[in-house]
Amino acid sequence: MNITDFMSEIQTLGVDYFTGVPDSQLKALCDHLMDRFGICEQHVVAANEGAAVGLAAGHYLATGKPAMVYMQNSGIGNAVNPICSLLNDKVYAIPVLFVIGWRGEPGVHDEPQHVFQGEITCKLLDCLDIAHVVLTPESTAEELKAAMGEAQKAFADGKCYAVVVKKGALKNDKKMVYQNDCPLSREETVKLIISQAKNDDIFVSTTGKLSRELFEAREARGEGHEKDFLTVGSMGHSCMIALGIAQQKKERRVFCLDGDGAALMHLGSLAVLGANQPKNFYHVVINNGAHETVGGVPTVASKIDLPAAAKAFGYQHVFTARTEQEILGALSECKNLEGPVLIEIKTNLLSRADLGRPTTTPIQNKEAFMSFVEGK
Ligand SMILES: Cc1ncc(C[n+]2csc(CCOP(=O)(O)OP(=O)(O)O)c2C)c(N)n1
């Protein structure tokens with residue numbers, strides 16, 4: 001279905017406020033919102049899906065109109081608490097229209113982190129008392145119209161409604177291009193970082209293409225993958241995984257290779273890191289100002305001073321780098337500095353079209369990594 005047809009149908013519900021976290025399967029929608037509104041008071045890219053629910057609730061309280069909250073199904077978890085304890089009709093009865101990208105749909109091959117989430121997506125919505133329709137590439141305008149009628153009824157009862165979007169169900173002929181003028185790519189940066197590592201350094205890398213690039217960089221160097229814990233799902237949690245390791249392995253340096261979208265998603269964790277003062281913790285945030293992995297929709301990271309925030313949270317040392325020389329300088333200083341350290345690296349939004357995916361399973365990754373961490 002063409003995105004403009006989809007949006008005109010949605011607008012019959014009186015929805016004119018849009019918020020969420022982008023998803024590659026919802027690229028047609030995200031690009032449409034960026035093209036039509038950009039980032040403004042009508043379209044807010046939220047830090048996480050729960051925050052998007054908060055925004056939608058606030059909008060409803062101020063206008064009486066339901067808002068759209070869009071997300072990948074992996075974000076439902078972030079939204080469960082405000083769905084149950086804020087929106088639900090046993091509490092404030094605040095209607096929201098959810099648009100959810102269905103990764104890991106049963107029967108369609110997808111990456112391991114999506115498989116279980118995909119299996120439980122519709123069951124989770126049932127459990128949350130959210131009626132829903134599944135939009136497929138074959139869905140017709142009449143079917144969507146009927147679904148909007150159902151949404152209307154749900155809203156009248158103070159309930160939410162969801163459109164679950166299968167792969168290829170939404171189309172947008174207009175391709176948006178997102179870019180900035182930073183000289184280095186995330187992949188070049190990842191290669192530089194591991195080239196400067198000590199032999200026993202431990203790496204925890206974030207969700208998305210960064211982990212895939214790290215995996216391929218190890219292959220290209222003829223190395224194994226045991227030094228890297230690839231956080232393939234759980235966006236925003238790699239720095240806490242890294243802290244959990246750093247607390248137990250005080251004699252080793254632990255690097256978290258993070259993304260700006262991921263760091264912002266659970267920014268409170270940076271405060272916890274600062275307050276805990278792990279001396280062996282090095283937080284590298286690759287800041288391309290965007291959710292590049294899922295299409296390039298901007299984050300707010302190009303508008304904020306992340307190193308200043310980290311410093312305020314208690315990080316001992318902070319750096320910003322964008323050239324090879326600046327990155328090498330920061331990494332070399334780190335060899336003599338105690339953490340927590342934050343290195344923000346500003347990169348462009350280029351990535352390879354032929355970027356592969358890890359060829360080892362998450363369990364193989366975990367086992368090799370645990371042996372490496374144990375020192376075997
Ligand atoms: C909870 C959750 N919401 C959304 C996603 C979909 N997702 C995967 S990667 C990604 C973007 C990550 O952005 P950033 O951390 O800035 O890294 P970049 O892709 O720019 O390297 C998103 C939104 C997800 N995996 N999990």
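Each ligand, and each atom within it, is numbered from 1 in the order the structure gives.
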Does a sphere of radius 6.0 Å around NZ in K311 hold more than 12 heavy atoms from other residues, nucleotides or ligands, not counting ones at 6.0 Å or beyond?
->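 Buried by this count: over 12 neighbours within 6.0 Å.
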
Decide if atom CD of E251 counts as having more than 12 heavy atoms of other residues, nucleotides or ligands within a radius under 6.0 Å.
-> yes

Tell me, with the steps shown, if H59 and T19 meet side chain to side chain contact (heavy atoms under 4.5 Å, CB included).
-> CA-CA 10 Å; H59 181 76; T19 179; over 6 Å; no

Side-chain heavy atoms under 4.5 angstrom apart, residues restricted to Ile, Leu, Val, Met, Phe, Trp, Tyr: same cluster for V341 and L192?
->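 Same cluster: V341 reaches L192 through Ile, Leu, Val, Met, Phe, Trp or Tyr contacts under 4.5 Å.
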
Those residues that, when tested against F255, pass ring-ring contact (aromatic ring centres under 6.0 Å, His included) (two or more places apart) | F203, Y282

For the atom pair CD (E49) and OH (Y70), what is the distance rounded to the nearest 0.5 Å?
-> 10.0 Å

Which protein residues have a heavy atom under 4.0 Å from ligand 1?
-> V21, P22, E49, Q72, S74, G75, N78, R186, T207, M235, G259, D260, G261, A262, M265, N288, A290, H291, E292, T293, V294

